Amino acid sequence: MSGVNGDEKEPDCGFVLSEVYLYLDLECSEDRRSLIQKHLDDCTGCLREYGIEHEVKALVARCCGDETAPRELRERLRIKLDQLEVQVETREYLP
């Protein structure tokens, strides 16, 4: 797992906070979710930050939940995300 300090079982705070939106949106693997959840259970600083991110996400959903992006924007984002996903997957498997 990238962002890990030498031990693949214990992610560091920077990694956890960089992945918090993926965690909130259930967009990461079960293994990664478990590692992040364990870290949040043990780290009060990250748990506090996670709580703030969770509240911001809930507020945005309440205020903007009924709006949808224009089709052209969704398509451009989908293409960019596909490109980003390929780059991330490639980096994760490099020695």
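All values derive from a computational prediction rather than experimental measurement.
- In this structure, Arg62 has no side-chain hydrogen bond (donor to acceptor under 3.5 Å, both in side chains) partners at least two apart in sequence or on a different chain.
- With rounding to the nearest 0.5 Å, the separation of CG in Asp25 from NZ in Lys57 is 3.5 Å.
- Closest of all the heavy-atom pairs between Tyr23 and Arg33 is O-NH1, 2.6 Å.
- In this structure, the separation between SG on Cys46 and NE2 on His39 is 3.5 Å, given to the nearest 0.5 Å.
- Sorted by first and then second residue, the salt bridge (Lys or Arg N to Asp or Glu O under 4.0 Å) pairs with a member in residues 40-49 read Lys38-Asp42; sequence neighbours excluded.
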Original post:
Yes or no on side-chain contact (heavy atoms from CB on, under 4.5 Å) for His54 and Val20, after CA distance, side-chain angles and deciding distance?
Top reply: CA-CA 9 Å; His54 183 66; Val20 77; over 6 Å; no
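- With rounding to the nearest 0.5 Å, the separation of CD1 in Ile36 from CG in Leu17 is 9.5 Å.
- Of the residues listed (Glu19, Glu27, Gln37), the one engaging Arg32 in a side-chain contact (heavy atoms from CB on, under 4.5 Å) is Glu19, and it is the only one.
- With sequence neighbours left out, Thr44 forms a side-chain contact (heavy atoms from CB on, under 4.5 Å) with no residue at all.
- With hydrophobic clusters built from ILVMFWY side chains whose heavy atoms lie under 4.5 angstrom apart, Val16 does not share a cluster with Leu22.
- Here Ser29 contributes atom OG and Leu35 contributes atom CG; the two are 8.0 Å apart, rounded to the nearest 0.5 Å.
- Residues passing the salt bridge (charged side-chain N to carboxylate O under 4.0 Å, His left out) test with Glu75, sequence neighbours excluded: Arg78.
- Hydrophobic clustering (side-chain heavy atoms under 4.5 Å, transitive across Ile, Leu, Val, Met, Phe, Trp, Tyr) groups Leu40 together with Leu24.
- Tyr50 pairs by the side-chain hydrogen bond (donor to acceptor under 3.5 Å, both in side chains) definition with nothing, not counting sequence neighbours.
- Annotation for Leu77: hydrophobic cluster partners, listed by chain and number, are Leu73 (ILVMFWY side-chain heavy atoms under 4.5 Å, direct or chained).
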